[in-house]
**Student:** 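Could you have a look at this structure, given as structure tokens, before my questions?
Computed from a predicted model, the values in this text were never measured in an experiment. Note that ligands are numbered from 1 as they come in the structure, with each ligand's atoms numbered from 1 the same way.
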Amino acid sequence: MTNQFKYAAIECDNVSKHYISERALDHLDINIKTGERLLVIGPNGSGKSTLINVIGGLIRPTKGIIRIHGVDIHKSSPEHRKTIGILTHRPFLYEDFTGRENLTFFGKLFNVPNVSYRIEEIADLFTIGHLLDRRVSLLSHGNRKRLGMARTIIHDPNVILLDEPDSGLDAHSLDELGQTLGQTLQSKTIVLTSHNVDWALPLVTDVLQLSTRQEALKTSIREYHSLHELRKS
Ligand code: ADP
Ligand code: MG
């Protein structure tokens, strides 16, 4: 059995992240299975972005361990980190490069075989073919976001972390992103945050609700809907 299936895709083991004056996450224990798609919701300041950044290895937790396919992310090799694709609030693109130059750069960084073919493939996925030869600084917010998504998955990661991938997208782009996440990336393990719960719920298998008091409740999508029915009645 490969590590991908033997272990949870993502395991947060007693994870806390305290900033100097704020607690963002406190003693969080969650397991995310391979193929699970988890929506993280909660009010502003409840720790959604912190969680994405900690799981992705961009920031260190104050306490606890994050394991990706059984390996401690903060002790893992660059090779192991290639299993992760992360999109934060910033699309992480070079403004003075074109989309194609950006994707080629990141593709080579990750040793993607046949990068030019892969770029065409993901350009189709996010309908950004017509943007590829434009300089990023000239693109709209929504188009940067789409290019940022393409950058995030250029190396075909198994674990995809997306912090508000839907923010600033128009209805048509939201629809397209929904199809990509729900269909094309169906076999991947995905953690995403979104304020647009109605858009995101049909795309996921599980929901993690965070509160500003660092409480966390993880439920399956079915349990989430039942809880909501109960609260309404
Ligand atoms: P969310 O994404 O749910 O809005 P965040 O993870 O951005 O929440 O923030 C959680 C808490 O941590 C907030 O109280 C926020 O002010 C604080 N916080 C986030 N990033 C930092 C930082 N770099 N330095 C200090 N405090 C931070
Ligand atoms: Mg946030």
**Student:** What part of K48, side chain from CB on, backbone N/CA/C/O, both or neither, has a heavy atom under 4.0 Å from ligand 1?
**Tutor:** both

**Student:** Should Y19 and I59 count as side-chain neighbours, where that means a heavy-atom distance under 4.5 Å?
**Tutor:** yes

**Student:** Taking the side chain as C-beta and beyond, is there a heavy-atom pair between R151 and L87 under 4.5 Å?
**Tutor:** yes

**Student:** List the closest protein heavy-atom neighbour of atom 7 (O) of ligand 1: residue, atom name, distance to the nearest 0.1 Å.
**Tutor:** S49 CB, 3.8 Å

**Student:** Only counting residues at least two apart or in another chain, list the ones meeting side chain to side chain donor-acceptor pair (under 3.5 Å) with R67.
**Tutor:** E11, D13

**Student:** Are any non-hydrogen protein atoms located under 4.0 Å from atom 15 (C) of ligand 1?
**Tutor:** no

**Student:** Could you check whether any side-chain heavy atom of L28 comes within less than 4.5 Å of a side-chain heavy atom of K17, counting everything from C-beta outward?
**Tutor:** no

**Student:** What residue and atom, counting heavy atoms only, is the protein's closest point to atom 17 (C) of ligand 1, and at what distance?
**Tutor:** Y19 CD1, 3.7 Å

**Student:** Determine whether C12 and L51 make a side-chain contact, defined as any pair of heavy atoms from C-beta on separated by less than 4.5 Å.
**Tutor:** yes

**Student:** What residue and atom, counting heavy atoms only, is the protein's closest point to atom 8 (O) of ligand 1, and at what distance?
**Tutor:** G47 N, 3.1 Å

**Student:** Any N/O/S atom, backbone or side chain, of T50 lying under 2.8 Å from the Mg ion (ligand 2)?
**Tutor:** no

**Student:** Taking side chain as C-beta onward, heavy atoms only, is D124 less than 4.5 Å from E120?
**Tutor:** no

**Student:** Closest non-hydrogen protein atom to atom 4 (O) of ligand 1, residue and atom name please, with distance?
**Tutor:** G45 N, 2.7 Å

**Student:** Side chain, backbone, both or neither: which applies to P43 and ligand 1 if a contact is any heavy-atom pair less than 4.0 Å apart?
**Tutor:** backbone

